[in-house]
Amino acid sequence: MIKRMTIMLAVMAVLFGVLYGFQTFKNMMIRKAIGAMANPPQTVSAVTAATAPWRSTLSSVGSLRAVNGADLALQASGIVQRIQFSSGDEVAEGQPLLQLVATDDVAKLDSLQATAENYAIVLKRDEEQIKFNAVSRATLDSDRANLKNARSLVEQQKAIVEQKALKAPFAGRLGIRAVDIGQFLSAGSTIVTLQSLDPIYVDFYLPQQALASISIGQDVTATVDAFPGERFNGRVSAINAKVDSANRNIQVRATIANSPARLLPGMFARAEIDIGKVEDIVTVPLTAIVSNPYGDLVYVVDNLHDGQGAARQMFVKTRPAKGDRVAVTDGIKPGESVVIAGQIKLRNGSPVRIDNSHVPLAEAAPTVVDH
């Protein structure tokens, strides 16, 4: 009985030993296989960080506005008798544009002028007769009052007649005519728009924090969707005297040369103001920056040899981008290789292979070229 128990225990010990050895051998082989599995290099694009002249800017969006612009109308009602302009004309200040029928008003003006001339003759005669005491001083005073009143009525009627005629209040370009000959025109109805287009204003808003950085005369660059790739240069001409209490923004106005008059009032515009001094700062393409809740980071390629290396995460501090490039004030040194495409596949320490065969050009002031 004891012998059987001993044999059984020996068999069980051998069996457990075999099982333990097999498990140990299996784990060892798994670790060896995992260790032998090299992480394949990820293909990315990269550039060498370099310093470049950089000037910070403030950016905003706004609208174009004419230096002088108005929808022209008349104070008086009447029938359109004569139109003296065509849609789109360039007109000078004071140029006649439209005339309403004013026959009755002109006739009344002639009557009042005749009355005033008669009072002038009476006054002159009485001034001669008073030298011989032929008329009283009271009669002379009454003559003078009558003449003054008649002349005032003439000036009043002249103003009424002038209200029947429309003249250009300033030089500029007319819009599309909105009336026709023979049409009855109510007082205040728009006849045509007149816009002075050269120069032209661009109005935009900046946060109140920017007040310390802006001043009259600063350079401004504006772009509009109508002319992609073109930049229109101007200067800050006015800063509003108060901050909008609703959004804490300050209105800024820049004046831009507009000859020929390609920019029109009402256009949407993007404006940039140059601030500060020109500095030499490390710049990289904007695509190099990876944003996450903890801050902006880039991937730097270390131990670069024969186009291969290891990726390393690096948190950076940047300034507002200009075009396709961004200035990095901390985190990158000149000469380091920075990944600009393919970062989504990387983590800290990932092996990488650099392929720059399809890298787009990154410019601080990109332009659009039509083919």
Side-chain angles (χ1 to χ4, degrees), residues 65-199 201 238 241-242 265:
R65 175 186 174 88
V67 173
N68 288 305
D71 293 335
L72 304 184
L74 287 173
Q75 291 179 269
S77 302
I79 302 296
V80 178
Q81 182 182 41
R82 186 167 59 253
I83 296 176
Q84 299 162 276
F85 68 92
S86 297
S87 299
D89 280 353
E90 297 283 345
V91 296
E93 182 179 353
Q95 180 175 328
L97 301 178
L98 180 140
Q99 177 67 54
L100 297 181
V101 174
T103 306
D104 292 345
D105 296 313
V106 172
K108 187 175 181 179
L109 175 62
D110 291 340
S111 175
L112 292 172
Q113 286 177 331
T115 301
E117 290 172 359
N118 182 60
Y119 280 128
I121 293 172
V122 172
L123 175 61
K124 185 176 181 180
R125 184 178 63 243
D126 289 348
E127 285 176 342
E128 292 296 329
Q129 290 181 350
I130 200 173
K131 296 177 183 179
F132 306 100
N133 295 320
V135 296
S136 66
R137 177 66 62 178
T139 300
L140 187 63
D141 291 342
S142 178
D143 291 341
R144 287 172 177 167
N146 290 336
L147 177 59
K148 184 176 181 180
N149 181 64
R151 286 176 173 172
S152 296
L153 291 175
V154 168
E155 293 301 320
Q156 181 184 34
Q157 190 62 26
K158 281 183 178 180
I160 293 174
V161 172
E162 289 177 357
Q163 289 177 6
K164 295 295 182 73
L166 177 66
K167 296 181 179 180
F170 50 86
R173 180 192 293 177
L174 294 173
I176 296 176
R177 175 167 56 89
V179 298
D180 299 299
I181 292 178
Q183 176 180 341
F184 177 80
L185 197 64
S186 300
S189 298
T190 298
I191 297 169
V192 68
T193 185
L194 175 61
Q195 304 291 329
S196 178
L197 300 178
D198 185 26
Y201 293 145
K242 68 174 185 177

To the nearest 0.5 Å, tell me how far [X] [atom1] sits from [Y] [atom2].
X    : Y    : atom1 : atom2 : value
Q95  : L174 : CD    : CG    : 7.5 Å
D141 : L123 : CG    : CG    : 10.0 Å
S186 : L74  : OG    : CG    : 11.0 Å
I191 : L185 : CD1   : CG    : 5.0 Å
D104 : L109 : CG    : CG    : 12.5 Å
I181 : Q183 : CD1   : CD    : 11.0 Å

Keeping [X] on the side-chain end and [Y] on the backbone end, is there a donor-acceptor pair under 3.5 Å?
X    : Y    : answer
Q75  : A187 : no
Q99  : K164 : yes
S142 : A138 : no
T115 : S111 : yes

Side chains of [X] and [Y]: closer than 4.5 Å at any heavy-atom pair?
X    : Y    : value
E155 : K158 : yes
L72  : L97  : yes
E127 : R144 : yes
V192 : L98  : no
L100 : V80  : yes
F85  : L166 : no

Next on the checklist: Does T139 form a side-chain hydrogen bond (donor to acceptor under 3.5 Å, both in side chains) with S136? I'd like the steps, not just the answer.
Outcome noted: CA-CA 5 Å; T139 300; S136 66; 2.9 Å; yes
Quick one: closest heavy-atom pair of [X] and [Y], and the distance?
X    : Y    : answer
Q157 : D105 : NE2-O, 3.0 Å
G88  : R173 : O-CG, 3.9 Å
A73  : S189 : CB-O, 3.2 Å
A92  : A168 : O-CB, 3.4 Å
L153 : L112 : O-CD1, 3.5 Å
F170 : A70  : CZ-N, 4.1 Å

Checklist entry - If you count the non-hydrogen atoms of other residues, nucleotides and ligands that lie under 6.0 Å from CG in D71, is the total more than 12? => result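 Yes, CG of D71 has more than 12 neighbouring heavy atoms, counting only those of other groups under 6.0 Å.
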